Colleague: 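After the structure tokens below, expect a handful of questions from me.
Bear in mind that the values here come from a model prediction, so they are computed numbers and not experimental data.
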Amino acid sequence: MVMIMTLLSIHSPFEIQQKLANAVRAKRKKMKLSRQALAEHSTVPAPTIKRFETTGEISLRQFVMLWQCVDRLDTLAALANPPKPTPRTITEVLVS
């Protein structure tokens, strides 16, 4: 039997989807790109971009392709890195 641990969060998956969609939309607009122009750069169809920006729904692959056009992929890749442990003593703070 596999046990899956669920961590408590103040954000729902839907809220995170919306935040990501809003971030892509804001970055796209800051770059003065239309949905069609972003579609041409990313190869993600314009209707898919519209659906993502309005509902937050998109495949992970398509999201990564959009993100690559509006920001650095390093920012997404950093999410997969394990967090650095928090120092527990002053000595650990000074050594790190």
Colleague: Tell me if the CG atom of Leu79 is crowded by more than 12 foreign heavy atoms within 6.0 Å.
Modeller: yes
Colleague: To the nearest 0.5 Å, tell me how far Glu53 CD sits from Arg28 CZ.
Modeller: 4.0 Å
Colleague: Hey, what do you get for NZ (Lys27) to CG (Leu38), rounding to the nearest 0.5 Å?
Modeller: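 Here the rounded value is 12.5 Å.
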Colleague: Between Leu73 and Leu76, does a side-chain contact (heavy atoms from CB on, under 4.5 Å) hold up when you go through it step by step?
Modeller: CA-CA 5 Å; Leu73 285 181; Leu76 286 181; 4.2 Å; yes
Colleague: Would you sort out whether Asn22 and Arg25 count as a side-chain contact (heavy atoms from CB on, under 4.5 Å), showing the intermediate values?
Modeller: CA-CA 5 Å; Asn22 292 340; Arg25 182 185 314 109; 2.9 Å; yes
Colleague: For Thr55 versus Gln18, what's the shortest heavy-atom pair and its separation?
Modeller: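 Minimum heavy-atom contact is O-OE1, 2.9 Å.
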Colleague: Mind checking whether Ile16 and Ile58 sit in one hydrophobic cluster, side chains of I, L, V, M, F, W, Y counted as touching below 4.5 Å?
Modeller: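 The answer is yes; both residues are in one hydrophobic cluster.
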Colleague: What's the separation between atom CD in Gln17 and atom CD in Glu15, rounded to the nearest 0.5 Å?
Modeller: 10.5 Å
Colleague: Is a donor on one side and an acceptor on the other found under 3.5 Å between the side chain of Glu92 and the backbone of Arg88?
Modeller: yes
Colleague: How far apart are the closest heavy atoms of Gln62 and Val44, and which atoms are they?
Modeller: O-CG2, 3.7 Å
Colleague: Ala39 and Ala46: which non-hydrogen atoms are nearest, and at how many Å?
Modeller: CB-N, 3.5 Å
Colleague: Treating Ile, Leu, Val, Met, Phe, Trp and Tyr as nodes and any side-chain heavy-atom pair under 4.5 angstrom as an edge, say whether Leu60 and Val70 lie in one connected cluster.
Modeller: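 Yes, Leu60 connects to Val70 through the hydrophobic network.
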Colleague: With a 3.5 Å distance limit and no angle check, can you tell me whether Asp71 reaches the backbone of Trp67 through a side-chain donor-acceptor pair?
Modeller: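 No.
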Colleague: Please report the shortest heavy-atom distance between Arg35 and Ile49, naming the atom on each side.
Modeller: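 Shortest heavy-atom separation between Arg35 and Ile49 comes out as O-CD1, 3.7 Å.
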